[in-house]
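Presented below is the structure to which this report refers.
Below, chains carry the letters A, B, ... as their sequence lines are ordered, and counting in each starts from 1.
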Amino acid sequence: MKNKYFILFLTLMFTFSIQKANAQEVQSTDEIQKLKQEIEQLKNESDTYKPGKSKFLLRGYAHSGLQITDEEFSFVGGSFNPLFIYKQSDRLLFESEWELELAGGEVKLAVEYANMSYLLSKNLTFRAGKILVPFGIYVPNLHPAWINKFPTGPLGAGHDGIIPSNDIGLELRGGSYLGNLKINYSIYAVNGSQLNDGEEEAEEAGILHHAIFPDNNKGKTIGGRLGFFPFSDSSLEFGISGMYGKVGAKETDMKDVAALHYALDISYVKTLSSMSSVLDMKGQYSGVNVDDANYPFHENPDDLITFDNNSSTWFAQISLRPALVENNFVRRLEFAGRYSTLKTPEGSEWETDQTQVDLGINYWIDWRTLFKVSYRISNSKEDGTTEEPDGHGGAPGNAFFVHWAIGF
Amino acid sequence: MKKIPIIIFLFTLLATIAIISSCQSTSPLAEAKSGAQLWGENCLRCHNAPSPESFSDAEWDVAVMHMRVRANLTEPEAVKIADFLKTAN
């Protein structure tokens, strides 16, 4: 009898435990179902954000500042430069940068560049459109306000300077290795500069204007740059640039006048662990020779004058940033100095021989946001760079600047 | 103009180099370099080097392609740098 009760008890227990296990099973299948749903939902959600083959970035930079000279104490508007970059596929890229500049209470809009790049091979890219002319290093690599260590460009650069800025055309560029020597290259054909024949503005006779469209002649300007990296760590680069083409307008006396632009550039950037700093040195010498021509004399346009139409400009800059020191404040500082000069033809109405020294201390907030405090010592009262690439007119004479720039 | 021969010479030289070297996209020394090393050597030449966490993977794809063209990087260099930035961000 006792045994009977015992067996009944066991049977009950067994039935009960099976039921419980069943309930647990039901519960866990429910949970799995729920998890599956959640995963599905997450997948759907992440699919929404999954980038397609075509991707784009909207970036750019902005800057403005305070400018103090003998005559002026003024906040300068600076500019806002949106940059659109579209990666259409692994081979096709489109880039365009605009410049919205506050000038004398008005907003000026300019398209700095707008071009398409097609990667032809591992080391050759074809570009077409409006490009920053690969002439030297200042215009293509250093002019954005968050890269330029100074509030203004060096003498000779800028939209009215003697260095070509942007132009429309075709280009082949790339980088590769000759043995262990790294090189890079660019060859291009663009509309080219246009010679001011002085018919309308006699005081500008002989000046070359860059970035004007459409072209004033059928001849295209060809040019190129070749860069070498003598050290295997790419710290030092030498570059040589040339650009040649007709600049005179067709169907005029100046139709055969041509100009040769040439430049040598050097860049050395090295992390010096002994000084816990990054040392950055850059320089560029540029010259332009324009064929002889006869221009109207501004006081009496019937008289003709001529001069050796050769101009040259160079700059050298050095900066040191103690980026590797412990102290958080010191680490963000940068000390910078630049010398620049500009010489335009003797005997021309726009003859000048200027030099400038810029000394500055920068404070970096992040890798592309900074405050720049700088002092300029200038030997001239005239303004060599009326329209600076940074977007603000350079002040003549000595000047003190406090600027900020942000890249985003 | 006597400058013409110089310029023709320069561009013939340039074109020749471009054509000859278009087959060589790397060198034994460059081959041995990691993405991190290439980033450290190349991305500070013009501006401060951006740290990997500045952007998402998708953004790095676009920025590195942009810089490949701007800084004339070879494909192997750009690929290694992009891989480094995307794994370290």
| message | Keeping Arg91(A) on the side-chain end and Tyr118(A) on the backbone end, is there a donor-acceptor pair under 3.5 Å? | response | no
| request: Without swapping roles, check the side chain of Gln284(A) against the backbone of Tyr138(A) for a donor-acceptor pair under 3.5 Å. | output: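 Indeed, once roles are kept as given, a pair shorter than 3.5 Å links the two residues.
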Please state whether the side chain, the backbone, both or neither of [X] comes within less than 4.5 Å of a heavy atom of chain B.
X	value
Thr125(A)	side chain
Leu119(A)	side chain
Lys182(A)	side chain

| When the ring planes of Phe55(B) and Trp367(A) are compared, do they come out parallel, tilted or perpendicular, using 30° and 60° as the limits? | perpendicular
| Can you tell which of Ala58(B), Cys46(B), Pro50(B) has the highest number of heavy-atom pairs within less than 4.5 Å of chain A? |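 Maximum pair count with chain A is reached by Pro50(B).
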| Does a side-chain N-to-carboxylate-O contact under 4.0 Å join Glu334(A) and Arg321(A)? | no
| Charged N-O contact under 4.0 Å between Arg225(A) and Asp265(A) | yes
| Side chain, backbone, both or neither: which part of Asp61(B) has an atom under 4.5 Å from a heavy atom of chain A? | both
| field | Residue-level interface, residues 77-89 of chain B with chain A, non-hydrogen cut-off under 4.5 Å | value | Glu77(B)
| note | Looking only at Gly179(A), Gly407(A), Pro134(A), the option with the highest number of non-hydrogen pairs under 4.5 Å against chain B is Gly179(A)
| request: Ignoring hydrogens and angles, state whether a donor on the side chain of Tyr61(A) or Asn81(A) is under 3.5 Å from an acceptor on the partner side chain. | output: yes
| message | Leu333(A): which residues meet the side-chain contact (heavy atoms from CB on, under 4.5 Å) condition with it, sequence neighbours left out? | response | Phe329(A), Phe335(A), Ile361(A), Tyr363(A)
| Do the ring centers of His63(A) and Trp146(A) come within less than 6.0 Å of each other? |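 His63(A) vs Trp146(A): aromatic centres not under 6.0 Å.
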